[in-house]
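Mind having a look at this structure? Questions to follow.
Given the structure is predicted, the values throughout are model-derived calculations rather than measurements.
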Amino acid sequence: MKNNPVVPYILIFALGLGLIFFMSLYGIEQKKEIAESNEEGKTEETTDDAAASEDFDPEGFAQGKCIGCHGGDLAGGSVGPSLHGLKESKEEIHEIIKNGQGGMPAFGGQISDDQIDQLSEYILSLK
């Protein structure tokens with residue numbers, strides 16, 4: 001009689017499901033502490049908005065978020081247009097960054113209005 005090669009996989013699967021089940025029970029017991037730690041983190045972020053806008057690096061943000069569509073030097077990519085020498089006003093660029101336009105996503109939920117203003121100024125400085 002040969003050993004069935006599927007048995008070890010079934011055992012590992014059953015042990016994994018058991019582990020997931022018991023870990024979820026452990027999380028339920030600590031639900032209150034987890035929620036409190038998340039609330040503490042959010043309050044610190046909201047109180048430090050002014051400090052966060054001072055530490056904001058518009059060039060670094062553009063290199064991290066914009067180059068995928070607008071190209072490495074922001075002179076136009078396969079999807080997004082060039083950001084050099086734009087004719088739009090700072091307020092128009094602010095609205096586009098905040099709310100998105102066409103295929104461009106909105107960044108209003110990721111960065112503050114102050115940071116969007118800094119990014120708008122950086123984009124207008126590109127020649």
Side-chain angles (χ1 to χ4, degrees):
M1 189 187 242
K2 289 186 171 184
N3 291 338
N4 191 345
V6 178
V7 172
Y9 294 107
I10 293 173
L11 288 173
I12 292 170
F13 178 73
L15 288 172
L17 284 178
L19 181 64
I20 291 170
F21 175 74
F22 288 112
M23 295 280 294
S24 67
L25 289 178
Y26 179 73
I28 289 172
E29 291 174 0
Q30 295 194 345
K31 178 171 52 173
K32 188 174 183 179
E33 290 118 14
I34 293 169
E36 287 173 358
S37 70
N38 285 342
E39 288 175 7
E40 289 171 6
K42 288 180 183 176
T43 56
E44 288 175 7
E45 288 175 14
T46 56
T47 56
D48 291 335
D49 279 344
S53 64
E54 290 174 7
D55 296 339
F56 181 70
D57 176 24
E59 183 177 1
F61 184 85
Q63 290 298 317
K65 299 283 186 179
C66 304
I67 63 170
C69 297
H70 295 282
D73 57 355
L74 303 176
S78 60
V79 178
S82 173
L83 299 179
H84 291 259
L86 295 177
K87 293 178 175 45
E88 288 85 357
S89 69
K90 180 181 170 185
E91 291 77 22
E92 291 172 323
I93 294 171
H94 178 102
E95 288 302 313
I96 293 170
I97 294 169
K98 184 174 184 173
N99 301 318
Q101 179 179 358
M104 182 179 153
F107 290 101
Q110 296 179 21
I111 56 177
S112 70
D113 282 344
D114 217 23
Q115 294 168 333
I116 293 174
D117 284 338
Q118 291 178 37
L119 184 59
S120 300
E121 289 172 9
Y122 169 71
I123 290 171
L124 286 172
S125 74
L126 298 173
K127 301 291 179 197

Rounded to the nearest 0.5 angstrom, the CD1-CD distance for Ile97 and Gln110 is 12.0 Å
Could you tell me which residues satisfy side chain to side chain contact (heavy atoms under 4.5 Å, CB included) with Ala75, sequence neighbours excluded, listed by chain and number? Asp73, Ser82, His84
Partner residues of Glu121 under the salt bridge (charged side-chain N to carboxylate O under 4.0 Å, His left out) criterion, sequence neighbours left out: Lys90
Let me confirm one number: the OH-CG distance from Tyr122 to Asp57, rounded to the nearest 0.5 Å. 8.5 Å
I'd like to know if the side chain of Gln115 reaches the main chain of Ser112, judged simply by a donor and an acceptor atom lying under 3.5 Å from each other, with no hydrogens or angles considered. yes
Apart from Val79 itself, members of its ILVMFWY cluster (side-chain separation under 4.5 Å) are none
Return a table of donor-acceptor pairs under 3.5 angstrom between the side chains of residues 58-68 and protein atoms on other chains or two or more places apart.
none

Which residues pass the side chain to side chain contact (heavy atoms under 4.5 Å, CB included) test with Glu92, not counting sequence neighbours? Glu88, Ser89
Can you name the nearest heavy-atom pair linking Leu124 to Leu86, along with the distance? CD2-O, 4.4 Å
Please tabulate, for side-chain N and O atoms in residues 11-21, each donor-acceptor pair with protein atoms closer than 3.5 Å (sequence neighbours left out).
none

CD1-CG distance between Ile10 and Asn4, expressed to the nearest 0.5 angstrom: 7.0 Å
Nearest 0.5 Å please: distance from the CG atom of Leu83 over to the CD1 atom of Ile93. 8.0 Å
Applying side chain to side chain contact (heavy atoms under 4.5 Å, CB included), name anything that partners Asp113, two or more places apart in sequence or on another chain. His94, Lys98, Ile116
